[in-house]
Q: 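This is the structure I want to talk about, given as structure tokens.
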Amino acid sequence: VRIYVPRDAAALALGAEKVAKAIAQEIAARGFDAEIVRNGSRGMFWLEPLVEVEVAGKRIGYGPVKSKDVADLFDAGMIDGGEHRLCLGEVEDLPFLKEQTRLTFARCGVTDPLSLADYEAHGGLAGLRRAISMTSAEVVKEVTDSGLRGRGGAGFPTGIKWKTVLDAAGERKYIVCNADEGDSGTFADRMIMEGDPFVLIEGMAISGLATGATKGFVYTRSEYPHAIATMTEAVGIARQAGILGPSVLGSGRAFDIEVRTGAGAYVCGEETALLNSLEGKRGIVRAKPPLPAHKGLFNCPTVINNVISLASVPVIMDKGAAFYRDFGMGRSRGTIPLQIAGNVRYGGLFETAFGLSLGDIVDRIGGGTVTGRPVKAVQVGGPLGAYFPRALFDTPFDYESFAAKDGLIGHAGIVVFDDTADMLKQARFAMEFCAVESCGKCTPCRIGSTRGVETADKIAHGIEPAKNRVLLADLCNTMKFGSLCALGGFTPYPVMSAMTHFPEDFSPAPLVEAAE
Ligand code: NAI
Ligand code: SF4
């Protein structure tokens, strides 16, 4: 019998380690012939720690399990899938999972993250094998035809980026995986690195073959110790198995990976600051051009892609471009792992084709707020994303539709707020976040964000609120168009959307109003 207990950081935070220990004790005490497998998370966080028992080829779930429940679960016959108040039935049949289209996350929570045999048994390496049989240009064309766009947030076509690097002259080329997942409410990159690290390694190896790069870096954050440990171990296993090294799967073509850890600055998720950090310099933004695709790491042509972009490549190479592009709508093709978080009943990872409406995601899939109060606002795309009011809940989740409503899908983080949220405070927070995290290179961001905090405070204290609202909007305009990178350039999104959609929160009774 196999019993699955997740080793994902979210499950660990909720007590999975204690649960695993309690299960091991019960197995020993009762003399069962059972093996505990530490899997990734299925992404249903309200059920974590979610324990699964494999019975006749089916996975029966129990959750959320506390260590004190374990003896009782064994008494109830959990080992044979027995009935219990925590029994959820077959995990694959849970509506939250059943409704998803899991392409990138197909194995996450299903397999043992560090078992190559498990990885291959569930379709792993088929994409890389196919890529090896093709020329670089053919691989780039396949990825271009799939319609895959950068899942880090900007949505730039991955195939076109790869072609730029393939065509660039350079003795050395690099693949850099941006795993500096800093957006509030996001965890997709972490879940892949902890739950299915080989898919990222495979995606990076394919990217190397496609562009002529022989070295890759995974740049992740110090706040992700479990992801760092799992990725590092997985790279070692892949190297031993000949997936990485001087001859990738015997192809005669070299590719290897190194895992690097950042020191915690949000701006190091910006690609050029990330490159500086990788080079051992201060994490400060570089002016573009030159694009990293032309002159990136150590001045060499470099592919920088987000974890999810790279982890989506193996399924594209395995099943073909047409299969992938068949999902989605408009220019947003394939699937997107939504990360539903904040004040929401069913928080977690939901991979689906582009096109679901925001309201459907929040109200139906997320189940509304956990406090039971009405949803007031949803911030989409991290701390630099816009706040959407209920009035915009019909917006389909895709790059263009969100841009048309002055928003962005970003890395697909969705943070829900109930009607107790004070949107002026949220706007102030955006400015404060920018002030704290600014790399300091350009004036609109470095100075503007601090002036933004002061102006928001004046409005809150009723000091010339009408004048200061105009000033705040003007400042946002300057930051949006005058900043060098997205940190200063996108901070206006949360501020302006809060002001536009929730004007009542920006209209305190004036203590002082300017004499006109
Ligand atoms: P960008 O639009 O400047 O560039 C997008 C990507 O395309 C870059 O890698 C750029 O080098 C590349 N590119 C552009 N033109 C190219 C060409 N002609 N050939 C080859 N490559 C080309 O956007 P940027 O500043 O890189 O990213 C901004 C986004 O980052 C925002 O949309 C935001 O949502 C997202 N973001 C994500 C975070 C996360 O934690 N994942 C955190 C903060 C922001
Ligand atoms: Fe640095 Fe901010 Fe300018 Fe970006 S916008 S380069 S973070 S100062």
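Just follow the structure's listing: the first ligand is 1, and inside any ligand the first atom is 1.
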Q: Output yes when the distance from some N or O of ligand 1 to some N or O of Glu271 is under 3.5 Å, and no in every other case.
A: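 Yes - when backbone and side-chain N and O of Glu271 are compared with those of ligand 1, one distance drops under 3.5 Å.
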
Q: How close does the nearest protein non-hydrogen atom get to atom 16 (C) of ligand 1, and which residue and atom is it?
A: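 Answer for atom 16 (C) of ligand 1: Phe156 CZ, 3.2 Å.
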
Q: Looking at non-hydrogen atoms alone, which of Ala179, Ala486, Ser184 comes nearest to atom 28 (C) of ligand 1?
A: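 Looking at heavy atoms only, Ala486 sits closest to atom 28 (C) of ligand 1.
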
Q: Any chance the side chains of Thr261 and Ser222 put a donor and an acceptor closer than 3.5 Å?
A: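 No - no donor-acceptor pair under 3.5 Å links their side chains.
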
Q: Mind checking whether Leu291 has a heavy atom under 4.0 Å from ligand 1?
A: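 Yes.
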
Q: What protein heavy atom is closest to atom 19 (N) of ligand 1, reported as residue, atom name and distance in Å?
A: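 Nearest protein contact, heavy atoms only, for atom 19 (N) of ligand 1 is Thr164 OG1, 3.4 Å.
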
Q: Which residue owns the protein heavy atom closest to atom 12 (C) of ligand 1, what's the atom, and how far is it?
A: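 The closest heavy atom on the protein side is Lys161 CE, 3.7 Å.
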
Q: Does Lys288 come within less than 4.0 angstrom of ligand 1, counting non-hydrogen atoms of the residue?
A: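 Contact present.
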
Q: Are Asp457 and Arg428 ion-paired here, with the side-chain N under 4.0 Å from a carboxylate O?
A: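 Result for this pair is yes, salt bridge flagged.
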
Q: Inspect the contact between Lys441 and Glu270 and indicate whether a charged nitrogen and a carboxylate oxygen are less than 4.0 angstrom apart.
A: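 Salt bridge flag = no for Lys441 with Glu270.
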
Q: Counting heavy atoms only, which part of Asp183 comes closer than 4.0 Å to ligand 1: side chain, backbone, both or neither?
A: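 Asp183 to ligand 1: contacts from backbone and side chain alike.
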
Q: With a cut-off of 4.0 Å, which atoms of ligand 1 are near a heavy atom of Leu408?
A: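 It comes down to these atoms of ligand 1: 34 (O).
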
Q: Under a 3.5 Å cutoff, is there a donor and acceptor pairing between the side chains of Tyr266 and Asp180?
A: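 Absent: no donor and acceptor within the cut-off.
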
Q: Would you say ligand 1 has an N or O under 3.5 Å from any N or O of Gly381?
A: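 No, there is no polar N/O contact under 3.5 Å.
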
Q: How long is the straight-line distance from CG of Asp474 back to CG of Asn468, given to the nearest 0.5 Å?
A: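 Here the rounded value is 11.5 Å.
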
Q: Using a plain distance cutoff, I'd like to know if Glu270 has any nitrogen or oxygen under 3.5 Å from a nitrogen or oxygen of ligand 1.
A: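 No, since none of the N or O atoms of Glu270 sits under 3.5 Å from an N or O of ligand 1.
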
Q: Closer than 4.0 angstrom, basic N to acidic O: yes or no for Asp398 and Arg331?
A: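 Between Arg331 and Asp398 there is no salt bridge, as every charged N stays at least 4.0 Å from the carboxylate O atoms.
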
Q: Mind counting the protein N, O or S atoms sitting less than 2.8 Å from atom 2 (Fe) of ligand 2?
A: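 Atoms of protein N, O or S type lying less than 2.8 Å from atom 2 (Fe) of ligand 2 total 1.
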
Q: Show me which atoms of ligand 1 lie under 4.0 Å from any heavy atom of Gly410.
A: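 Result: 34 (O).
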
Q: Is the shortest distance from a Lys or Arg side-chain nitrogen in Lys141 or Glu138 to a carboxylate oxygen in the other one below 4.0 Å?
A: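 So Lys141 does not pair with Glu138 through a salt bridge.
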
Q: Among all protein heavy atoms, pick the one closest to atom 44 (C) of ligand 1 and tell me residue, atom and distance.
A: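 Sorting protein heavy atoms by distance from atom 44 (C) of ligand 1 puts Tyr266 OH, 4.0 Å first.
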
Q: Would you kindly specify which portion of Thr186 sits under 4.0 Å from ligand 1, judged on non-hydrogen atoms: side chain, backbone, both or neither?
A: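 Answer for Thr186: neither.
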
Q: Considering heavy atoms of the protein only, find what lies nearest to atom 2 (O) of ligand 1 and give residue, atom and distance to 0.1 Å.
A: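 For this ligand atom, the closest protein heavy atom is Ala154 CB, 3.8 Å.
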
Q: Please lay out, stage by stage, how Phe402 and Phe397 fare under the test ring-ring contact (aromatic ring centres under 6.0 Å, His included).
A: CA-CA 7 Å; Phe402 266 66; Phe397 206 93; 5.1 Å; yes

Q: Distance under 6.0 Å and angle within 45° of the ring axis: does Arg149 meet both against Tyr399?
A: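 Satisfied, under 6.0 Å and within 45°.
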
Q: Tell me whether Gly182 has any N or O atom under 3.5 angstrom from an N or O of ligand 1.
A: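 Gly182 vs ligand 1: N/O contact under 3.5 Å present.
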
Q: Determine the interplanar angle of the His501 and Phe388 rings, folded into 0 to 90°, and report it as parallel if under 30°, tilted if 30 to 60°, perpendicular if over 60°.
A: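 It falls in the tilted class, 30° to 60°.
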
Q: What do you reckon, does Gly152 put a non-hydrogen atom under 4.0 Å from ligand 1?
A: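 It does; at least one heavy atom falls under 4.0 Å.
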
Q: Flag the pair Val139 / Leu209 as yes when at least one side-chain heavy-atom distance between them is below 4.5 Å, and no otherwise.
A: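 No, every pair of side-chain atoms sits at 4.5 Å or beyond.
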
Q: What protein heavy atom sits nearest atom 31 (C) of ligand 1, and how far off is it?
A: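 Ranking protein heavy atoms by distance from atom 31 (C) of ligand 1, first comes Phe490 CE2, 3.4 Å.
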
Q: Does the ring center of Phe327 lie less than 6.0 Å from the ring center of Phe354?
A: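 Here the rings of Phe354 and Phe327 have centres that are no less than 6.0 Å from each other.
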
Q: When the ring planes of Tyr387 and Phe417 are compared, do they come out parallel, tilted or perpendicular, using 30° and 60° as the limits?
A: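 Tyr387 and Phe417: perpendicular rings.
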
Q: Do Arg7 and Thr230 pair up side chain to side chain, a donor and an acceptor below 3.5 Å, judged on atom types alone?
A: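 Arg7 vs Thr230: donor-acceptor pair found between side chains.
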
Q: What part of Pro292, side chain, backbone, both or neither, has a heavy atom within less than 4.0 angstrom of ligand 1?
A: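 Just the side chain.
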
Q: Any donor-acceptor pair under 3.5 Å linking the side chain of Asp189 with the backbone of Glu181?
A: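 It does not hold such a pair.
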
